[in-house]
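So the structure is just underneath, and the comments pick up after that.
Keep in mind that this is a model prediction, so the values were computed, not measured.
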Amino acid sequence: MSKKVAVITGSADGLGKGIAERLAADGFRIVLSDIDAGQLAVTEQEFKRNGHEVSSFVGNVARRDDQFALVAHAVAVFGQVDVFINNAGIEDVMPLDTVREPDLEKVFSVNVYSVVYGTQAAAEQMKKQGTGGKIINACSIAGHESYEFLGVYCASKHAVRSLTQSAAKELARHKITVNAYCPGVAATKMWDRIDEEMGKYLGTKPGEAFERFSSGILLGRPQTAKDVADFVHYLASPDSDYMTGQSIMIDGGIVLR
Ligand SMILES: NC(=O)C1=CN([C@@H]2O[C@H](COP(=O)(O)OP(=O)(O)OC[C@H]3O[C@@H](n4cnc5c(N)ncnc54)[C@H](O)[C@@H]3O)[C@@H](O)[C@H]2O)C=CC1
Ligand SMILES: CC(=O)C(C)=O
């Protein structure tokens, strides 16, 4: 039997890269995808040096055509798509009274439209294959709780949780499961930016906003990409075959559900 194929968006760096590394170690053939062509090329070379079967595709998840082209690329190179991970996302730190249409458009197009388009593209291919599949979305603690100065981001992640449920209901009959992982506080470039921007509104020094968010973690430390990837490994494996429609916290104990 040929090795399964996993496509991960936003995988040139951050949590997506960590997830891709874990799935490559699990034996998946990997399609990396990102809007950052330079970093994507660097990451692809790293995967090749480590002996992984990998291909890469430059695309913007906010564009429907790009999401369909990403799936077409995976099929052209590896013949199939078994796991599709809607990981790419962006933050926007701002008080709600300053939010304008372009801010909403930016965050929702990358965090929400992307999930609709990625799900459409992956599900179309998985239905053709007829062997089921797994669609996995990046949600967040911000998909269950709402935080000040992150209102638009939190709303977008609540939307991801809702889409995860609706897609699970629509796709179960095709043996496609849809679940989401909800990280808490991970020291990626996203948090570097949040920490800096929060300083403007909270008056915090560099590192302080990150510390504040991290201080409530029951397990006593911020998470690593590996912490997230170890859970996504489960969602991508047959061990999770009886789970669908769930957005599960993997946050070290910040939000308890
Ligand atoms: N870092 C954290 O603490 C948390 C992250 N998350 C979510 O996890 C996911 C990954 O987050 P991080 O790795 O921390 O972010 P990051 O900003 O460190 O990395 C995101 C990657 O996605 C790519 N990307 C951004 N916009 C894109 C677009 N339009 N099309 C394609 N690729 C694009 C970037 O180039 C980058 O390589 C996001 O959906 C985020 O909302 C959720 C909870 C906590
Ligand atoms: C980045 C994120 O998802 C937060 C602050 O919940």
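- By the side chain to side chain donor-acceptor pair (under 3.5 Å) test, S214 is found to be paired with no residue, residues two or more places apart in sequence or in another chain being considered.
- Between atom OG1 of residue T188 and atom NZ of residue K17 there is a gap of 12.5 Å, rounded to the nearest 0.5 Å.
- Around the CD atom of E196, the shell of radius 6.0 Å holds no more than 12 heavy atoms that belong to other residues, nucleotides or ligands.
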What donor-acceptor contacts under 3.5 angstrom involve side-chain atoms of residues 125-133, with partners at least two apart or in another chain?
unit_1 : atom_1 : unit_2 : atom_2 : d
Q125   : NE2    : Q129   : OE1    : 2.8
Q129   : OE1    : V81    : N      : 2.8
Q129   : NE2    : V81    : O      : 3.0

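- Screening L150, V152, D195 for a side-chain contact (heavy atoms from CB on, under 4.5 Å) with V93, the sole residue that qualifies is L150.
- Under the side chain to side chain donor-acceptor pair (under 3.5 Å) criterion, K106 pairs with no residue at all, not counting sequence neighbours.
- In this structure, S240 and K134 have side chains that are in contact, with non-hydrogen atoms separated by less than 4.5 Å.
- With a 4.5 Å cut-off on side-chain heavy atoms, R212 and L202 count as touching.
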Query raised in the report: Do F213 and I194 pass the side-chain contact (heavy atoms from CB on, under 4.5 Å) test, and can you show the C-alpha distance, the side-chain angles, and the key distance before you say yes or no?
Result: CA-CA 11 Å; F213 262 81; I194 294 175; 5.8 Å; no
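- Every residue meeting the side-chain contact (heavy atoms from CB on, under 4.5 Å) condition with D66, not counting sequence neighbours, appears here in chain and number order: N60, R63.
- Remark: D65 engages no residue in a side chain to side chain donor-acceptor pair (under 3.5 Å) (not counting sequence neighbours).
- Between S2 and R29 the shortest side-chain heavy-atom distance falls below 4.5 Å.
- Once rounded to the nearest 0.5 Å, the distance linking SG of C154 with CD of E148 reads 10.5 Å.
- A donor-acceptor pair under 3.5 Å links the side-chain atoms of D82 to the main chain of V5, judged by distance alone.
- Annotation: side-chain contact (heavy atoms from CB on, under 4.5 Å) contacts of H73 (sequence neighbours excluded): V31, S55, F57, V77.
- At least one donor-acceptor pair under 3.5 Å links the side chain of K157 to the backbone N or O of A138.
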Query raised in the report: Can you check side-chain contact (heavy atoms from CB on, under 4.5 Å) on E21 and D26, steps first, answer last?
Result: CA-CA 9 Å; E21 283 169 345; D26 288 344; over 6 Å; no
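- F28 shares a hydrophobic cluster with I8, L15, I19, L23, I30, L32, L40, F47, V54, V58, V83, I85, I136, Y181, V228, F231, V232, Y234, L235, M243, I248, I250; the chain of contacts runs through ILVMFWY side chains whose heavy atoms sit under 4.5 Å apart.
- At least one side-chain heavy atom of Q223 sits under 4.5 Å from a side-chain heavy atom of P183.
- Inter-residue side-chain proximity for V178 and N137 is flagged as met; some heavy-atom pair is nearer than 4.5 Å.
- Judged as a ring pair (Phe, Tyr, Trp, His ring centres under 6.0 Å), not a single pair has a partner in residues 79-115 (not counting sequence neighbours).
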Report task. Could you check K48 against E44 for salt bridge (charged side-chain N to carboxylate O under 4.0 Å, His left out), going step by step and ending with a plain yes or no? Result -> CA-CA 6 Å; K48 283 189 171 151; E44 184 184 14; 3.2 Å; yes
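- Side-chain atoms of D34 come within 3.5 Å of backbone N or O of D36 as a donor-acceptor pair.
- A side-chain donor-acceptor contact under 3.5 Å links R161 to the backbone of G143.
- Looking only at side-chain heavy atoms (C-beta outward), V71 and E124 stay at 4.5 Å or farther from each other.
- The ring pair (Phe, Tyr, Trp, His ring centres under 6.0 Å) contacts involving residues 148-168 comprise F149-Y201, where partners must be two or more places apart or lie in separate chains.
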Show every donor-acceptor pair shorter than 3.5 Å between a side-chain atom in residues 115-123 and any protein atom, with sequence neighbours excluded, or say none if there are none.
unit_1 : atom_1 : unit_2 : atom_2 : d
T119   : OG1    : V115   : O      : 2.6
Q120   : OE1    : R64    : NE     : 2.8
Q120   : OE1    : R64    : NH2    : 3.4

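- With sequence neighbours excluded, no residue forms a side chain to side chain donor-acceptor pair (under 3.5 Å) with S237.
- Remark: D192 engages no residue in a salt bridge (charged side-chain N to carboxylate O under 4.0 Å, His left out) (not counting sequence neighbours).
- Note: N179 CG to C139 SG = 11.5 Å, rounded to the nearest 0.5 Å.
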Report task. Mind running side-chain contact (heavy atoms from CB on, under 4.5 Å) on I135 and N86 for me, showing each step along the way? Result -> CA-CA 8 Å; I135 296 173; N86 283 307; 3.9 Å; yes
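- D230 contributes no side-chain N or O that, together with a main-chain N or O of D227, makes up a donor-acceptor pair within less than 3.5 Å.
- I90 has its side chain within reach of N111: a pair of non-hydrogen atoms, C-beta onward, lies under 4.5 Å apart.
- Both L104 and M94 are assigned to one and the same hydrophobic cluster, defined by single-linkage of ILVMFWY side chains at heavy-atom distances under 4.5 Å.
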Query - Worked check of side-chain contact (heavy atoms from CB on, under 4.5 Å) between T9 and Q67 - result: CA-CA 9 Å; T9 68; Q67 294 283 59; 4.1 Å; yes
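- Note that SG of C182 and CG of D251 are 8.5 Å apart. Values are rounded to the nearest 0.5 Å.
- Taking 4.5 Å as the limit, some side-chain heavy atom of M249 sits within range of a side-chain heavy atom of R257.
- Under the 4.5 Å side-chain heavy-atom criterion for Ile, Leu, Val, Met, Phe, Trp and Tyr, V61 and I35 are members of distinct hydrophobic clusters.
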